[in-house]
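Here is the structure we will look at, set down as structure tokens.
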There are 2 protein chains.
Amino acid sequence: MSDHSKTEHQDARERLLEAALEQFTRCGYAATSVRELCQAAGVTKPVLYYYFKSKEGLYLQLMDESYALLESVLAQLTRFEGHTADRLIHFCCGIYDTAVVMKDKVRLMFSIYFGPPQGAPHYNLERFYDRILEVLDVIIGEGIERGEVRQGNCSDMQWMILSCLNASVEEMLCEAEPRIDRTFIQRMVMMLFSGIGVKSTERSR
Amino acid sequence: MSDHSKTEHQDARERLLEAALEQFTRCGYAATSVRELCQAAGVTKPVLYYYFKSKEGLYLQLMDESYALLESVLAQLTRFEGHTADRLIHFCCGIYDTAVVMKDKVRLMFSIYFGPPQGAPHYNLERFYDRILEVLDVIIGEGIERGEVRQGNCSDMQWMILSCLNASVEEMLCEAEPRIDRTFIQRMVMMLFSGIGVKSTERSR
DNA sequence: GTCTATATTGAGATAGAC
DNA sequence: GTCTATCTCAATATAGAC
């Protein structure tokens with residue numbers, strides 16, 4: 001502890017960010033007051049304004065740090081091995097598991113993505129979906145080259161997988177007991193590969 | 001026009017509901033002020049309190065009417081004909097088309113479903129997904145009986161379809177140009193029936 | 001850096017005339 | 001039923017002492 005005062009500053013700052021995550025998620029940006037925020041963080045109002053300049057500044061800082069975390073995880077999920085189905089499952093479950101760990105932050109992001117601005121400055125979250133689509137494109141493209149995926153509309157395949165991954169995460173976020181989870185992602189990929197239709201002439205079970 | 005005054009009352013009431021839909025969707029419940037609401041509807045504040053008793057009352061009335069509309073549409077989509085794939089496509093596209101027509105109301109519902117309470121009273125929207133799952137269960141169940149759908153995890157099939165339908169609607173709601181749409185739903189169902197895997201060597205796990 | 005105290009604005013809601 | 005005028009309260013933000 002070469003610098004005791006600095007440590008305390010960090011503490012107050014960090015506590016404010018935690019409180020902001022909690023309150024913004026539970027009450028929304030507009031309905032969260034600076035008073036409640038500071039009370040929850042155990043600091044007084046001027047402390048917030050000192051570190052973040054305004055309620056908006058605190059919000060943007062929170063979003064920046066949360067999104068950076070997501071990006072860093074995505075960067076670690078780009079090592080692929082095995083059959084295309086296994087690669088897809090590994091990648092999607094990696095995203096899902098991260099969402100579980102970052103549950104609070106992900107919930108906030110969903111509410112911002114779908115929710116109205118509420119007076120909060122706009123924050124671009126769509127780009128994360130674009131990043132996922134890019135990775136899926138690579139995996140499926142290689143799968144076709146390797147002869148493991150049928151020729152077809154590659155974009156549709158990406159969207160089917162992203163849709164199911166998305167639904168799994170959404171269910172995970174819900175208040176009630178989730179009806180689909182991580183294992184659904186695996187079964188979904190397998191089902192997508194095999195198809196659910198009955199072929200009269202070929203393909204015995 | 002036996003009662004002229006009544007017609008005018010209805011107008012003010014209706015204009016308030018329209019303004020509420022617009023404002024709640026764009027700014028959220030908490031960030032929408034009664035002043036803006038009344039200004040947009042071209043009435044004064046006491047008019048709002050006269051018809052709806054409070055901001056909360058107006059909100060609940062808006063939600064009730066919107067949800068009732070959704071339910072009525074769902075009830076009209078339960079006549080099935082043709083192959084199971086066609087039934088699924090018909091049903092899902094029916095939901096999608098309805099969502100397009102009710103775009104503003106659906107956007108509000110999404111923002112409420114995912115968003116934080118914002119001080120607004122809770123409104124149960126999850127039940128609509130349950131209703132969709134019920135219908136999909138019937139269609140797929142009959143499909144298995146008719147030998148058009150392979151034996152398997154019926155629940156997973158429902159969730160895959162619901163997930164893709166959901167994603168289509170979400171993309172339709174987004175500000176940017178949607179990258180998937182109504183036609184994706186059709187291709188998705190066909191793809192789900194045929195599968196994307198290469199089956200030359202009869203892979204089985 | 002952190003406090004107390006306060007300035008200022010706009011919110012939701014209502015009283016009472018017409 | 002609809003208005004004007006107003007009440008009350010809580011919001012964001014800051015001034016200035018320590």
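Every chain is numbered from 1 and lettered A, B, ... according to where its sequence line falls, protein lines coming before strand lines.
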Value in whole Å for how far the [atom2] atom of [N] lies from [atom1] of [X]:
X     : N      : atom1 : atom2 : answer
B/D11 : D/dT2  : CG    : P     : 10 Å
A/F52 : C/dG1  : CZ    : P     : 13 Å
B/Y51 : C/dA13 : OH    : P     : 18 Å
B/Y50 : D/dT4  : OH    : P     : 18 Å
A/Q39 : C/dC3  : CD    : P     : 13 Å
A/E56 : D/dA13 : CD    : P     : 8 Å
A/K55 : C/dT9  : NZ    : P     : 18 Å
B/E36 : C/dG12 : CD    : C1'   : 13 Å

Worksheet item: Nearest to the side chain of A/V47 - D/dG1, C/dC3, D/dT12?
Response: C/dC3

Response to the item:
B/P46 has its side chain closest, among D/dC3, D/dT12, D/dT2, to D/dC3

Discussion item. It should be established whether A/T44 places a side-chain nitrogen or oxygen under 4.0 Å from OP1 or OP2 of nucleotide C/dT2.
Written reply: no

Worksheet item: Do any side-chain nitrogens or oxygens of A/Y49 fall under 4.0 Å of OP1 or OP2 in C/dG1?
Response: no

Item to complete: Could you please spell out the steps behind the side-chain contact (heavy atoms from CB on, under 4.5 Å) verdict for A/T78 and A/V138?
Response: CA-CA 10 Å; A/T78 46; A/V138 170; over 6 Å; no

Worksheet item: Just by distance, with hydrogens left out, do A/Y96 and A/D181 show a side-chain donor and acceptor under 3.5 Å apart?
Response: no

Discussion item. In terms of relative ring orientation, are B/Y59 and B/Y29 parallel, tilted or perpendicular, with 30° and 60° separating the classes?
Written reply: perpendicular

Worksheet item: Between A/R131 and A/E71, is the closest basic N to carboxylate O distance under 4.0 Å?
Response: yes

Worksheet item: If you find the nucleotide of DNA chain D closest to B/G42 and the one closest to A/R35, which residue's nucleotide is nearer the 5' end?
Response: B/G42

Discussion item. Applying a 4.0 Å non-hydrogen cut-off, can you work out what B/K45 is touching in the nucleic acid: base, sugar-phosphate, or nothing?
Written reply: base

Fill in: 4.5 Å side-chain heavy-atom contact, A/Y129 and B/E171
no

